[in-house]
Amino acid sequence: MSTAGATADPLAALGALPGVADSVESVRKAVDRVYGHRVMRRRSNAITSEAALRGARGSAALSGADWALEEVRRRTDFSGDDEARTVGAALRLTAEAGQLLSIWRQSPLRVLARLHLVAAADKADQVGRPRKEGEQVDEPLVGLPLPSAAEMHGRLDGLAGLIIAGGSAPALVTAAVVHGELLALRPFTSHNGLVARTAERIVLVGSGLDPKSVCGAEVGHAELGRDTYLEALGGYVSGTPEGVAAWIAHCGRAVELGARESMAVCEALQRGAA
């Protein structure tokens with residue numbers, strides 16, 4: 001977030017980066033197309049449920065458990081191995097996200113702690129709190145340098161302060177920064193990717209951009225591929241205006257692809273094929 005300088009509203013300042021306004025407008029149009037579909041007026045709950053399932057599948061895929069959608073749909077036991085536990089964690093987080101919207105703007109750190117607790121499904125000492133100095137982080141798919149615990153705590157507090165203060169930044173910008181910052185910091189000893197993508201979902205829904213949670217960015221992130229995802233994240237971590245703008249654009253494209261997926265579901269329901 002260093003590109004924002006010392007402005008009163010640094011997130012809004014990121015919205016002025018080259019190309020970001022175009023991404024924001026493109027996302028708005030994609031979301032509006034989904035909400036304008038006639039099926040959304042009659043069966044929005046069905047679209048929301050399907051989008052949640054597909055979003056969880058996409059988030060799990062980015063964390064190394066790339067299962068077919070139908071396998072995720074039919075499974076009832078997610079305790080068998082690491083991949084199954086990852087998919088189960090993603091499903092639990094997607095279900096939990098909707099319960100935390102009212103808390104997010106007042107206490108984002110409390111929400112993040114809750115998300116980690118839900119993801120880990122464990123009572124170990126490291127669960128549900130940011131890591132301490134010397135604790136190892138299990139996030140093998142993110143190879144970026146890990147900030148110290150002291151730096152992480154400072155930046156995490158700063159991010160929480162920006163969320164609580166609010167501001168005029170577009171929802172896409174805020175969601176992208178929350179997502180990118182959490183992955184850059186990896187504040188927990190595990191499940192940071194799943195938590196970061198769920199936090200992105202919470203911002204997009206809570207902001208009113210996607211109030212029914214039908215344009216899951218996780219779907220788009222998975223479709224764009226892990227290599228592209230990590231490359232864009234590297235741009236964010238670099239802190240350069242170009243890198244941050246590219247990450248925001250990447251997140252915008254992911255939302256658009258999530259919207260496209262829900263449009264396809266709407267069309268299938270309209271034809272009576274699903």
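- Counting non-hydrogen atoms of other residues, nucleotides and ligands closer than 6.0 Å to CZ of Arg110 gives a total of 12 or fewer.
- The shortest side-chain heavy-atom distance between Val87 and Arg57 does not fall under the 4.5 Å cut-off.
- Hydrophobic clustering (side-chain heavy atoms under 4.5 Å, transitive across Ile, Leu, Val, Met, Phe, Trp, Tyr) groups Tyr35 together with Val255.
- Counting only heavy atoms from C-beta outward, the side chains of Val177 and Leu159 approach each other to under 4.5 Å.
- Both Leu101 and Leu115 are part of a single hydrophobic cluster, where members link through side-chain heavy atoms under 4.5 Å apart.
- Side-chain N or O atoms of Asp210 include one that pairs as donor or acceptor with a backbone N or O of Cys215 at under 3.5 Å.
- If you check the side chains of Ser63 and Arg197, you find a donor sitting under 3.5 Å from an acceptor.
- Leu185 and Leu117 fall into different hydrophobic clusters, defined by Ile, Leu, Val, Met, Phe, Trp and Tyr side-chain heavy atoms under 4.5 Å apart, directly or through other members.
- Residues Arg131 and Pro187 are not in side-chain contact: their nearest non-hydrogen atoms beyond the backbone lie 4.5 Å or more apart.
- In this structure, Arg186 contributes its side chain and Leu144 its backbone to a donor-acceptor pair below 3.5 Å.
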Criterion side chain to side chain contact (heavy atoms under 4.5 Å, CB included) on Leu69 and Glu50, from CA distance to verdict
CA-CA 10 Å; Leu69 179 64; Glu50 186 65 17; 4.0 Å; yes

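- Summarising the geometry, atom CD belonging to Gln270 is positioned 11.0 Å from atom CZ belonging to Arg43; distances are rounded to the nearest 0.5 Å.
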If you apply the rule side chain to side chain contact (heavy atoms under 4.5 Å, CB included), what do you find for Val178 with Glu200, and how did you get there?
CA-CA 6 Å; Val178 167; Glu200 180 184 40; 5.9 Å; no

Report the C-alpha distance between Arg73 and Glu70 in whole Å, list the side-chain angles of each, state the deciding distance to 0.1 Å, and finish with yes or no for salt bridge (charged side-chain N to carboxylate O under 4.0 Å, His left out).
CA-CA 5 Å; Arg73 197 190 302 279; Glu70 291 311 311; 3.1 Å; yes

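- Note: Ser59 OG to Arg54 CZ = 16.0 Å, rounded to the nearest 0.5 Å.
- The pair Glu96-Arg92 does not count as a salt bridge, with every side-chain nitrogen at least 4.0 angstrom from each carboxylate oxygen.
- Looking at heavy atoms from C-beta onward, Ile163 lies out of side-chain contact with Leu11 at the 4.5 angstrom threshold.
- Donor-acceptor pairing under 3.5 Å is recorded for the side chains of Ser26 and Glu256.
- Open room surrounds CD on Glu231; 12 or fewer heavy atoms of other groups in view lie less than 6.0 Å from it.
- Within the 4.5 Å cutoff, the side chain of Val111 has no heavy atoms near those of the Pro108 side chain.
- Note that CG of Leu156 and CD of Glu151 are 11.5 Å apart. Values are rounded to the nearest 0.5 Å.
- The two atoms that bring Gly128 and His116 nearest to each other are N-ND1, 3.0 Å, heavy atoms only.
- Side chain to side chain, Thr189 and Asp138 fail the donor-acceptor criterion of an N or O pair below 3.5 Å.
- Remark: side-chain polar atoms of Glu135 are paired, donor with acceptor, to backbone N or O of Lys132 under 3.5 angstrom.
- Under the 4.5 Å side-chain heavy-atom criterion for grouping Ile, Leu, Val, Met, Phe, Trp and Tyr, Leu141 is not connected to Val195 through any hydrophobic cluster.
- The side-chain heavy atoms of Arg155 and Met152, taken from C-beta on, include no pair separated by under 4.5 Å.
- For the ring pair (Phe, Tyr, Trp, His ring centres under 6.0 Å) condition, the pairs that include at least one residue of residues 199-223, sequence neighbours left out, are His179-His221, His221-Tyr229, His221-His250.
- Rounded to the nearest 0.5 Å, atoms CD (Glu261) and SG (Cys266) are 11.0 Å apart.
- Taking 4.5 Å as the limit, every side-chain heavy atom of Val214 sits out of range of all side-chain heavy atoms of Ser44.
- Between the side chains of Ser262 and His37, no donor N or O sits under 3.5 Å from an acceptor N or O.
- Taking OH from Tyr236 and CG from Leu183, the interatomic distance works out to 10.0 Å, rounded to the nearest 0.5 Å.
- Across all their heavy atoms, Trp104 and Ala199 have their closest contact at CH2-CB, 4.2 Å.
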Hey, mind stepping through Ser190 and Val137 against side chain to side chain contact (heavy atoms under 4.5 Å, CB included) and telling me if it holds?
CA-CA 6 Å; Ser190 64; Val137 173; over 6 Å; no

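- To the nearest 0.5 Å, atoms CG (Leu269) and CZ (Arg38) are separated by 13.5 Å.
- In terms of hydrophobic clustering, with Ile, Leu, Val, Met, Phe, Trp and Tyr side chains grouped at heavy-atom distances under 4.5 Å, Leu209 and Leu257 are assigned to different clusters.
- The closest side-chain heavy-atom distance from Ser207 to Thr174 is not below 4.5 Å.
- Heavy atoms only, all atoms of each residue included: Ala217 and Ala254 are closest at O-CB, 3.5 Å.
- In this model, no donor atom of one side chain and acceptor atom of the other lie less than 3.5 Å apart for Thr94 and Arg201.
- Summarising the geometry of Thr198 relative to Leu194, their closest heavy-atom pair is OG1-O, 2.8 Å, with the distance given to 0.1 Å.
- Gln106 approaches Ile164 most closely through the heavy-atom pair O-CD1, 3.7 Å.
- When all heavy atoms of Glu139 and Asn192 are compared, the closest pair comes out as OE1-N, 2.9 Å.
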Please walk me through it: do Glu83 and Trp67 pass side chain to side chain contact (heavy atoms under 4.5 Å, CB included)?
CA-CA 9 Å; Glu83 284 197 6; Trp67 287 14; 2.9 Å; yes

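- A salt bridge does not link Lys29 to Asp32: none of the charged nitrogens lies less than 4.0 Å from a carboxylate oxygen.
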